[in-house]
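Inspection log for the structure reproduced underneath, given as structure tokens.
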Amino acid sequence: MRSGAKVAVIGGVFVLVSGGLGYGAYSVVLGGGGTGTASASSEVKTGPPGREEIETTAKDFLAAWASGDGAAASLLTNNEAASEPLLTGFAEDAHVTKAVITPGPAVGAKVPYTVKATVSYDGKTKPWSYASELTVVRGLTTGKALVDWKPTVIHPQLTEGATLRTGESATAAIEAVDHNGKVLDKETYPSLGPILDSLREKYGDSTGGSPGIETWIEPEGGSAANTTLLTLAKGKPGKLQTTLDADAQAAAEKAVKKFNQASVVAVRPSTGSIRAVANNPATGFNAAMQGTQAPGSTLKIVTAAMLLEKGLVSANRPTECPKEVMYQGRTFHNLDYFELPASTSFTTSFARSCNTAFIKLIDDTKDDSALPKEARDVFGIGLDWKTGIASFDGRVPDETGGEAAYQYIGQGTVQMNALNIASITATARTGTFHQPVIVPQSLDDRQIATAPRSLSQNATRQLNDMMRATASWGTGKTAMASVGGDKGAKTGSAEVDGQGTSNSWFTGFSNDLAAAAVVQSGGHGGDAAGPVVASVLRAGS
């Protein structure tokens with residue numbers, strides 16, 4: 001077989017097709033007979049594998065896998081015990097009956113390839129195509145060039161401990177619809193893939209549908225919902241009403257695709273209904289609802305609410321904003337060390353995101369736990385939310401000294417995600433916490449979290465005015481310029497260890513819609529996350 005030649009599938013087995021690696025002639029044993037490998041040298045080699053070793057190892061591994069011989073293929077990896085069950089299970093558990101594996105040119109030690117397969121089960125057959133890659137490394141003990149084993153070698157979405165399965169689905173299919181009855185599917189709205197899988201896992205059997213025949217990823221120990229990869233035969237889907245809005249969701253999907261790692265959530269302040277959830281990457285971990293990161297100055301919404309309720313500030317009262325301030329032996333400063341005149345109002349310090357104006361007031365609260373109390377008792381943070389799927393409900397732990405000061409500006413031990421910050425903005429908008437939900441509470445009568453009290457009317461009014469100022473002439477002006485209606489905003493950036501650029505956070509409201517976004521390594525809040533939020537607010541308000 002010559003490099004670049006295509007080989008047809010013969011006799012219902014796998015075939016490897018050379019796709020530009022320049023392997024030269026080699027043979028594939030059809031019917032599970034395995035493949036030959038080059039004779040081992042008595043000398044144990046060291047250092048990174050060379051190009052010829054990379055190409056030969058990749059060729060032999062893919063050929064063994066293509067022939068259906070999982071045992072032979074596993075011997076060419078650096079983890080035989082972990083790889084053999086998945087390689088063998090490709091045919092036995094996933095019921096792949098035919099496959100053409102086409103490698104592409106090596107890029108360093110990485111070899112990409114495409115798999116065009118046929119899956120057959122119980123008389124149902126369907127084609128299945130996807131792409132993945134492998135990396136060739138030097139074996140630590142043998143010195144041989146081996147495939148660095150990861151489950152993603154089999155499929156890019158396969159995780160540790162998970163397996164590929166084909167059969168009758170464990171739960172009935174669902175047809176998820178938005179609050180207006182428009183169908184929501186993972187093809188049109190990719191970010192909803194993991195969410196729809198979770199909703200199906202939890203509610204599929206209660207919606208009146210019936211199972212279909214599918215290929216799926218089954219996580220280890222049922223730790224998460226199955227991820228459907230291919231549907232061979234559709235079951236009868238049961239209709240599931242969600243709180244999502246198709247227009248807002250479409251805008252969210254488009255907005256996050258502009259960045260390598262980004263998340264956004266939109267919530268309706270008057271009800272807590274989640275209108276949009278989007279992530280990039282779209283598959284896998286739902287960072288928008290389960291992520292745990294410091295949110296930077298977007299948390300100043302909570303800090304400002306606490307200071308307003310304690311009477312330590314008011315929107316129009318002057319507040320000091322020096323370029324830096326010392327607290328408990330730690331120095332805090334503003335972005336680029338800016339400072340504001342002593343006559344500056346608290347609204348201006350909020351709209352310009354002055355860190356020192358907030359930190360200088362810590363001692364005046366006479367209570368290190370004042371911020372955690374405000375976050376919990378008014379904004380519902382940490383109250384065991386039951387959104388309808390797995391979610392993290394935020395964390396502002398009790399701290400003292402310098403760690404408490406970091407919390408005032410959304411750093412330190414504070415942990416949030418886009419859902420939490422969107423909910424905080426929604427609570428600030430109305431003054432009352434409405435726990436976010438993605439399916440109506442009436443669907444399963446689950447216990448919805450309620451906050452012990454509402455924000456005072458005076459603090460609610462001032463907080464809204466301060467957020468309006470931020471959107472009109474403060475740090476959120478540029479991002480919110482295209483958003484109409486009654487609007488407000490807060491920007492934030494959070495430094496993360498190991499990143500050269502801070503994460504960009506932004507939250508805002510327009511009429512009865514609040515949204516928040518985070519962009520990894522996106523810089524200042526208005527730079528990256530701001531336009532994401534604005535796109536969703538325009539579409540959904």
Side-chain angles (χ1 to χ4, degrees), residues 89 93-95 119 121 151 155-179 183-244 249 263 265 273-274 276-279 281-291 384-393 417 419 435-448:
D93 300 326
H95 292 268
V119 182
Y121 184 87
H155 189 278
Q157 291 179 246
L158 201 59
T159 56
E160 290 292 339
T163 54
L164 283 175
R165 305 282 184 190
T166 295
E168 184 176 283
S169 56
T171 56
I174 62 168
E175 181 183 70
V177 298
D178 79 347
H179 68 110
V183 175
L184 303 169
D185 59 74
K186 62 181 70 178
E187 289 74 30
T188 307
Y189 311 98
S191 292
L192 294 183
I195 292 171
L196 295 177
D197 287 337
S198 294
L199 290 173
R200 174 182 174 177
E201 187 87 5
K202 189 169 183 179
Y203 300 109
D205 291 337
S206 63
T207 57
S210 60
I213 296 175
E214 300 174 346
T215 299
W216 68 84
I217 293 175
E218 187 174 290
E220 184 177 22
S223 56
N226 292 340
T227 300
T228 301
L229 301 175
L230 182 71
T231 300
L232 284 74
K234 290 184 178 181
K236 175 188 174 185
K239 183 172 289 189
L240 179 68
Q241 180 83 50
T242 74
T243 63
L244 295 166
Q249 183 65 34
S263 300
V265 174
S273 299
I274 297 172
V277 182
N279 294 291
T283 57
F285 182 63
N286 181 9
M289 297 180 67
Q290 294 179 270
D384 192 20
W385 298 0
K386 299 291 193 305
T387 62
I389 60 173
S391 62
F392 173 71
D393 48 14
N417 53 44
L419 172 67
Q435 190 223 276
V437 295
I438 200 165
V439 290
Q441 186 267 346
S442 58
L443 182 65
D444 54 1
D445 293 325
R446 63 192 185 280
Q447 184 66 45
I448 299 297

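Keep in mind that this is a model prediction, so the values were computed, not measured.
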So does Ala225 get a backbone contact from the side chain of Asp197, meaning a donor-acceptor N/O pair under 3.5 Å? no
Is it true that a side-chain atom of Asp205 and a backbone atom of Thr171 form a donor plus acceptor pair closer than 3.5 Å? no
Please report the shortest heavy-atom distance between Lys202 and Gly388, naming the atom on each side. CD-O, 3.4 Å
Rounding to 0.5 Å, atoms CG (Asp393) and CG (Asp384) come to a distance of 6.0 Å
Kindly compute the distance separating OG1 (Thr228) from CD (Glu201), expressed to the nearest 0.5 Å. 9.0 Å
Checking Asn279 side chain against Ser263 main chain: does a donor-acceptor pair fall under 3.5 Å? no
Tightest non-hydrogen contact, residues Thr243 and Ser273, listed as CB-CB, 3.8 Å
Would you check if the side chain of Arg200 reaches a backbone N or O of Ala172 as a donor-acceptor pair within less than 3.5 Å? yes
Just by distance, do the side chain of Ser210 and the backbone of Lys236 share a donor-acceptor pair under 3.5 Å? yes
Please name the pair of heavy atoms, one in Thr166 and one in Ala94, separated by the smallest distance, quoted to 0.1 Å. OG1-O, 2.5 Å
Got a second to check how far Leu244's CG is from Tyr189's OH, nearest 0.5 Å? 10.0 Å
Qualifying residue for side chain to side chain contact (heavy atoms under 4.5 Å, CB included) with Ile389, from Ile274, Val437, Asn286: Asn286
Do the side chains of Thr387 and Gln435 get nearer than 4.5 Å, heavy atoms only? yes
For residues Thr242 and Leu199, determine if any side-chain heavy atom of one lies less than 4.5 Å from a side-chain heavy atom of the other. yes
Minimum heavy-atom distance Val119-Leu232, with the two atoms named: O-CD2, 3.6 Å
Test side-chain contact (heavy atoms from CB on, under 4.5 Å) on Val177 and Leu184; report intermediate values, then the result. CA-CA 5 Å; Val177 298; Leu184 303 169; 5.7 Å; no
As an exercise, state the distance from NE2 of His155 to CG of Leu229, rounded to the nearest 0.5 Å. 4.5 Å
Minimum heavy-atom separation for Arg446 to Tyr203, with atom names? NH1-OH, 3.9 Å
Can Thr283 and Thr227 be said to form a side-chain contact (heavy atoms from CB on, under 4.5 Å), step by step? CA-CA 9 Å; Thr283 57; Thr227 300; over 6 Å; no
Nearest heavy-atom neighbours spanning Ile174 and Gly204: CG2-CA, 3.7 Å
Main-chain N/O of Asp178 paired to Gln241 side chain as donor or acceptor, under 3.5 Å: yes
Quick one: does any side-chain atom of Glu175 pair with a main-chain N or O of Val183 as donor and acceptor, under 3.5 Å? no
Test Asn226 against Glu218 for side-chain contact (heavy atoms from CB on, under 4.5 Å), laying out the working first. CA-CA 5 Å; Asn226 292 340; Glu218 187 174 290; 3.7 Å; yes
Residue pair Glu214, Thr231: steps toward the side-chain contact (heavy atoms from CB on, under 4.5 Å) verdict: CA-CA 4 Å; Glu214 300 174 346; Thr231 300; 4.1 Å; yes
Between Ser391 (side chain) and Gln290 (backbone), is there a donor-acceptor pair under 3.5 Å? no
Is it true that atom CD of Glu160 has more than 12 heavy atoms of other residues, nucleotides or ligands lying nearer than 6.0 Å? no
